[in-house]
Asker: 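Would you mind keeping the following structure in view while I ask a few things?
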Amino acid sequence: MNTNNTHINNQISNKINAKFLKPYEPSATEGVIYKKWLDSGFFNPDVCVEKGVYAKDAEKFSIVLPPPNVTGTLHLGHAAMLAIEDIMVRFERMRGKKTLWLPGTDHASIATQSKVEKELMKTEKKSRHDLGQKEFLKRVEKFAQESHDTIVHQVERMGASVDWSREAFTLDAPRNKAVRTAFKRMYDDGLIYRDYRVINWDPKGQTVISDDEVVYQETKALVYIFKYSADFPIAIATTRPETKVGDTAVAVSPNDTRYQKYIGKEYVVEFCDVPLHIKIISDDEVDPEYGTGAVGVTPAHSMIDFEMAKRHNLPVIPVINEYARMTVDTPQLTGKKTKEAREIIVEWLKKENLLEKEEEVDQNISTAERTGCVIEPLPKLQWFIDVDKKFILPKSHITGIKDNESVSLKQLMQTVVQNNQVKILPDRFEKTYFQWIDNLRPWCISRQIWYGHQIPVWYKNGGGNKSPKSPTWVLDTQVGNNIQKEEEKEVFCGVEPPSANWQNEGWEQDPDTLDTWFSSGLWTFSTLGWPEKTDDLKTYHPTDILETAYDIIFFWVARMILMSTYLLGEIPFKYSYFHGLVRDSKGRKMSKSLGNIVDPLEMINKYGADATRMSLIIGAPPGNDTNLSEDKIRAYKKFANKIWNASRFVLSNIQDLNINIKPELVEKDKKILQELNALAQDITIDLENFRLYLAAEKLYHYFWHIFADKIIEESKERLVENNTTNQTDRLSCQWMLCEALKINLKLLHPFMHGWRVLPT
RNA sequence: GGGCGCGUAGCUCAGUUGGUUAGAGUGUCUCGGUGACAUCGAGAAGGUCAGAGGUUCAAAUCCUCUCGCGCCCACCA
């Protein structure tokens with residue numbers, strides 16, 4: 001900033017009599033400095049323009065803070081994120097750009113709700129249903145508020161120069177309006193639709209989750225090869241015998257000579273006292289080489305089988321419910337847990353001599369990200385976003401896509417990265433990104449969670465011509481009936497309810513809430529006031545950099561690109577910079593169960609925020625995981641102390657220097673300053689190219705091993721006061737030291753916020 | 001099955017587009033000094049840069065293969 005030279009000069013001249021504690025005490029300095037900055041208002045670009053810090057028409061630079069979940073406290077990953085972004089922001093601010101770093105928090109629906117549920121069960125032995133929705137939500141909001149306050153405090157302690165006046169929350173009123181607006185628009189374009197299909201059900205969380213929230217875990221499983229009955233011609237294999245009571249077909253490969261003769265035939269068998277009607281079908285999906293070359297088709301409890309059933313018009317018979325218990329109507333199975341049912345059926349198979357083989361295989365079992373519970377695929381009516389459906393994009397700022405062009409969301413997501421409008425750093429993650437899009441299926445966005453944005457859709461009995469897609473191929477099963485009922489209802493989707501008096505007119509709002517990533521996807525522009533046409537939106541969007549951990553590239557980064565290109569016709573950010581995961585000193589993931597979580601606040605208290613920041617920057621190129629040890633943080637506390645003491649030395653040796661009159665410099669000093677300016681150039685280039693880790697390391701090395709070890713050491717002789725023989729040299733040396741220190745501190749400022757101004 | 005990354009000093013890791021004796025922190029050893037700094041200074045030991053082959057005047061860096069480790073994605077019952 002243009003004020004800084006005067007500022008430092010004043011500090012220097014005022015310093016003489018000031019207390020200059022030794023050793024350096026970060027806790028005594030950092031808080032004071034941050035407070036000064038907060039009070040100055042310089043974190044707010046409007047204030048900066050007002051005070052003339054930079055011109056009204058200065059180039060802008062904007063970053064939105066990835067909003068931390070209000071599920072508790074920040075961890076070292078957040079600290080790394082704050083450090084990196086603060087460096088970027090302070091660097092650009094110093095270069096005179098109109099800089100905005102917009103903070104906020106995320107309601108993280110399912111994560112927050114399950115956290116509170118867990119706590120409730122632990123302390124009061126109650127479920128959320130025991131409390132009721134209203135009371136439960138009160139508890140969640142209270143918890144969220146407390147977490148928010150903790151997080152804000154931690155962000156401040158890190159020294160993050162965010163503009164608090166613009167703080168946002170993914171579940172506050174303006175963001176809710178944005179969510180409803182986005183939903184409505186997608187609904188009208190036919191991109192959001194309601195469909196009946198097999199989804200990922202989390203029996204513990206009692207909600208559906210998206211494909212991305214499924215975590216695969218390698219386990220050993222038993223595969224059973226058996227026949228439904230003694231006179232059934234084909235043996236099939238399964239790892240889940242309990243689902244077989246829901247089978248409606250056996251599928252074989254169309255070219256499989258072994259089974260040709262059976263295709264099209266139908267069998268009625270009694271399987272573990274359950275009557276089954278099995279049709280033999282042929283489908284390309286079946287691999288004749290694998291297993292017995294024949295697949296038992298369970299349309300209700302397998303996504304592949306469900307699709308197969310669709311193609312062959314097979315009945316869908318659900319036999320497992322939301323609590324992972326059997327619903328099939330036979331005394332020995334009804335109400336049993338799936339695991340128990342499996343044992344019963346295997347026993348029955350053995351008894352009937354139908355089990356041909358049993359072998360152990362490696363299997364990827366799907367579990368829910370948040371609860372860890374094994375996923376139960378169930379057929380359900382849910383809301384989805386269609387990523388393949390074409391729609392008209394009215395206004396496009398996207399290279400290669402014209403106004404009013406017909407495109408799909410997938411195309412939009414692919415185009416902006418392909419044409420480099422959004423650059424992904426490090427670029428190897430581009431491959432990951434494209435691979436994800438290629439495999440992308442409809443995004444399930446509805447959740448049976450209480451905490452979140454309620455779906456802006458209302459239903460009314462009667463009317464009913466706006467019904468969702470009819471699953472005509474579903475037979476008259478229990479679930480089929482439910483669907484029929486839903487279908488008879490009139491559907492209204494709107495930013496606002498169907499009428500002011502909707503409750504009394506028989507309308508009911510959809511009780512489901514939205515996937516938390518739906519609202520996160522809007523973050524770059526919902527925070528700037530969208531759907532309102534605000535100045536902020538005009539000035540700061542698209543943002544310049546989105547900086548986050550690589551593990552949310554799909555959840556968040558891709559969804560932001562989706563939402564922004566669709567709703568605004570423009571990219572959400574120009575660069576997507578990914579940092580790695582912060583692991584413990586042995587390279588393990590930090591987790592509660594391992595007890596190796598390092599609390600950033602504790603490190604800040606012990607070593608200072610600047611030391612903590614430096615330890616997270618140096619040796620951490622984009623995208624690489626870093627192992628962090630306390631030793632490393634301690635090392636940078638020593639560095640802070642070094643800066644402090646070097647500054648003390650310089651200041652106490654230039655007391656008789658008139659800093660307003662530049663003396664004639666000797667060659668040696670000219671050269672030193674030239675070299676330092678070259679370093680400044682070099683570091684600027686590093687920062688422009690996101691090589692923060694290199695810039696920080698170079699600064700560290702220069703300050704300690706060149707400036708302190710060489711330049712200051714060599715200056716000691718030259719500074720001797722009674723060295724009257726060469727006053728010119730002494731004066732030159734003084735000036736050089738003062739100048740070099742100032743430049744060093746300026747260069748250090750983005751990294752170590754405590755060194756913006758000299759301590760008083 | 002597909003993709004990505006890693007293997008550099010005892011330990012944890014840097015090394016930007018290939019270019020002088022390969023660096024940092026930490027640890028070890030010797031010495032110094034308490035008027036910037038013991039959260040210190042000077043110096044030392046310690047690396048066939050996983051292995052093999054290739055490209056090049058020149059390779060830790062580029063290419064191929066091998067070994068070891070980690071991660072992500074995928075509807076093989």
Side-chain angles (χ1 to χ4, degrees), chain A residues 20 22-25 198 211-212 214-216 223-225 236-240 243-244 247 250-252 285-287 289-298 302-308 361 363-364 366 377 426 428-436 438-441 550-551 553-554 580-581 583-589 607 611 614-615 618-621 623-653 682 685-686 689-691 693-698 700-701 704-705 708-709 712-713 715-716 719 737:
Chain A
F20 221 166
K22 76 170 191 180
Y24 175 57
E25 262 312 321
V198 171
D211 296 336
D212 293 291
V214 176
V215 178
Y216 293 97
V223 62
Y224 303 93
I225 296 168
I236 57 164
T238 186
T239 52
R240 297 200 60 192
T243 64
K244 296 290 106 182
D247 281 12
V250 164
V252 298
E285 200 70 30
V286 182
D287 178 1
E289 306 295 319
Y290 190 86
T292 63
V295 184
V297 182
T298 321
S302 152
M303 295 182 199
I304 327 155
D305 293 4
F306 187 80
E307 292 304 314
M308 227 186 275
V361 292
Q363 194 192 218
N364 273 333
S366 25
R428 66 182 136 94
F429 286 118
E430 269 188 21
K431 226 169 188 170
T432 316
Y433 175 83
F434 286 126
Q435 183 188 300
W436 179 77
D438 291 343
N439 290 318
L440 196 55
R441 292 184 293 166
Y550 65 75
D551 58 347
I553 178 166
F554 310 137
L581 274 29
R583 300 169 178 279
D584 76 357
S585 59
K586 291 177 186 134
R588 298 172 305 181
K589 227 174 179 169
Y607 306 107
M614 285 295 267
S615 71
I618 293 183
N624 283 20
D625 293 351
T626 44
N627 297 1
L628 188 72
S629 62
E630 224 175 298
D631 278 349
K632 192 171 173 188
I633 306 177
R634 191 182 303 118
Y636 295 108
K637 185 185 178 188
K638 290 206 243 172
F639 181 50
N641 186 58
K642 191 75 184 174
I643 301 171
W644 178 268
N645 280 299
S647 304
R648 283 176 65 208
F649 175 83
V650 172
L651 295 183
S652 57
N653 279 289
D682 192 25
I685 292 167
D686 281 336
N689 290 287
F690 307 107
R691 296 190 292 258
Y693 59 108
L694 274 182
E697 203 172 351
K698 282 175 186 170
Y700 175 94
H701 187 261
W704 200 314
H705 301 297
D709 288 352
I712 287 186
E713 284 308 316
S715 75
K716 284 180 178 172
L719 289 168
L737 283 179

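The figures here come from the full heavy-atom set of this structure, side chains too, leaving out hydrogens, waters and symmetry mates. The chains referred to below are lettered A, B, ... by the order of the sequence lines, with proteins before strands, and numbering in each begins at 1.
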Asker: Which listed nucleotide (B:rG15, B:rC72, B:rG5) is nearest to the side chain of A:Pro621?
Answerer: B:rG15
Asker: Starting the side chain at C-beta, find the nucleotide from B:rG25, B:rC73, B:rC4 nearest to A:Ala635.
Answerer: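 Nearest nucleotide to the side chain: B:rG25.
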Asker: Nearest to the A:Phe649 side chain among B:rG25, B:rU26, B:rA36, which nucleotide is it?
Answerer: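 Out of B:rG25, B:rU26, B:rA36, the nucleotide with an atom closest to A:Phe649's side chain is B:rA36.
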Asker: Under 3.5 Å, is there an N or O donor on one side and an acceptor on the other linking the side chain of A:Glu713 and the base of B:rA36?
Answerer: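 Yes.
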Asker: Is there a side-chain contact between A:His705 and the phosphate of B:rC40, meaning an N or O under 4.0 Å from OP1 or OP2?
Answerer: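 Looking at the OP1 and OP2 atoms of B:rC40, neither is under 4.0 Å from any side-chain N or O of A:His705.
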Asker: Between B:rC73, B:rA24, B:rG41, spot the one nearest the side chain of A:Asn439, thanks.
Answerer: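 Of B:rC73, B:rA24, B:rG41, B:rC73 is nearest to the side chain of A:Asn439.
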Asker: Does B:rC75 have OP1 or OP2 sitting under 4.0 Å from an N or O in the side chain of A:Tyr216?
Answerer: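 So the side-chain polar atoms of A:Tyr216 do come within 4.0 Å of the phosphate oxygens OP1 or OP2 of B:rC75, strictly under.
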Asker: Heavy atoms only, 4.0 Å cut-off, all strands: where does A:Ala251 land among base, sugar-phosphate and nothing?
Answerer: nothing
Asker: Looking at B:rA24, I'd like to know if its phosphate oxygens (OP1 or OP2) sit under 4.0 Å from a side-chain N or O belonging to A:Lys698.
Answerer: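 So the side chain of A:Lys698 is outside the cut-off, no N or O lying under 4.0 Å from OP1 or OP2 of B:rA24.
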Asker: Does B:rA74 have OP1 or OP2 sitting under 4.0 Å from an N or O in the side chain of A:Arg441?
Answerer: no
Asker: In whole angstrom, give me the gap between the P atoms of B:rG15 and B:rA9.
Answerer: 15 Å
Asker: Tell me what A:Asp625 touches on the nucleic acid: a base, only sugar-phosphate, or nothing, going by heavy atoms under 4.0 Å.
Answerer: nothing
Asker: Considering every strand and a 4.0 Å limit on heavy-atom distances, what is the contact class for A:Arg691: base, sugar-phosphate, or nothing?
Answerer: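 Base contact.
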Asker: So, is A:Asn624 near the phosphate of B:rA14, with a side-chain N or O under 4.0 Å from OP1 or OP2?
Answerer: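 Indeed, a polar side-chain atom of A:Asn624 lies that close.
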Asker: State whether A:Lys637 places a side-chain N or O below 4.0 Å from either non-bridging phosphate oxygen (OP1 or OP2) of B:rU39.
Answerer: no
Asker: Of the nucleotides B:rC37, B:rC76, B:rC4, which has the atom closest to the A:Lys431 side chain?
Answerer: B:rC4
Asker: Looking across every strand, which nucleic acid part, if any, lies under 4.0 Å from A:Ile712 by heavy atom: base, sugar-phosphate, or nothing?
Answerer: base
Asker: Strictly by Watson-Crick or wobble contacts shorter than 3.5 Å, is anything paired with B:rG19, and which nucleotide is it?
Answerer: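 Here B:rG19 is engaged in a pair, and the nucleotide opposite it is B:rC57.
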Asker: Distance check, P atoms only: B:rA60 and B:rA50, in whole angstrom units.
Answerer: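 Each nucleotide's P atom is 10 Å from the other's.
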Asker: Think A:Tyr693 has a side-chain N or O under 4.0 angstrom from the OP1 or OP2 of B:rG15?
Answerer: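 Answer is yes, contact under 4.0 Å.
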Asker: For the pair made of CD1 in A:Ile618 and P in B:rA24, what is the distance, rounded to whole Å?
Answerer: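 Computing the A:Ile618:CD1 to B:rA24:P distance gives 13 Å.
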Asker: Classify A:Asp631 by what it touches in the nucleic acid, base, sugar-phosphate, or nothing, heavy-atom distance under 4.0 Å.
Answerer: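 The residue A:Asp631 makes sugar-phosphate contact but no base contact.
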Asker: With rounding to whole Å, what would you report as the distance between B:rG47 and B:rU8 at their P atoms?
Answerer: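 The answer is 14 Å between these two P atoms.
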Asker: Quick check on B:rA36: is either OP1 or OP2 less than 4.0 Å from any side-chain nitrogen or oxygen of A:Lys642?
Answerer: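 No.
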Asker: When rounded to the nearest Å, what value does the distance between C1' atoms of B:rC31 and B:rA45 take?
Answerer: 15 Å
Asker: How far, in whole Å, is B:rA59 from B:rG19 if one measures between their C1' atoms?
Answerer: 10 Å
Asker: Within the structure, does a side-chain N or O atom of A:Trp704 lie under 4.0 Å from either OP1 or OP2 of B:rG25?
Answerer: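 Looking at the OP1 and OP2 atoms of B:rG25, neither is under 4.0 Å from any side-chain N or O of A:Trp704.
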Asker: So A:Glu307, base contact, sugar-phosphate only, or nothing? Heavy-atom distance under 4.0 Å.
Answerer: nothing
Asker: Could you state the CG-C1' distance from A:Asn627 to B:rC71, rounded to the nearest angstrom?
Answerer: 14 Å
Asker: What integer number of Å spans the C1' atoms of B:rA58 and B:rG1?
Answerer: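 One C1' to the other, the span is 41 Å.
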Asker: Please measure how far the P atom in B:rA42 lies from the corresponding atom in B:rC6, and state the result in whole Å.
Answerer: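 34 Å, rounded to whole Å.
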Asker: Just checking A:Tyr550: base, sugar-phosphate only, or nothing, at a heavy-atom cut-off of under 4.0 Å?
Answerer: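 It contacts nothing in the nucleic acid.
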Asker: May I ask you to check if A:Lys642 and A:Tyr700 form a cation-pi contact, with NZ or CZ under 6.0 angstrom from the six-membered ring centre and within 45° of the axis?
Answerer: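 Judged by the rule (NZ or CZ under 6.0 Å from the ring centre, within 45° of its axis), A:Lys642 is not positioned above A:Tyr700.
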Asker: Please state the C1' separation for the pair B:rC67 and B:rA22 - nearest whole angstrom.
Answerer: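 Between the two C1' atoms, the distance is 25 Å.
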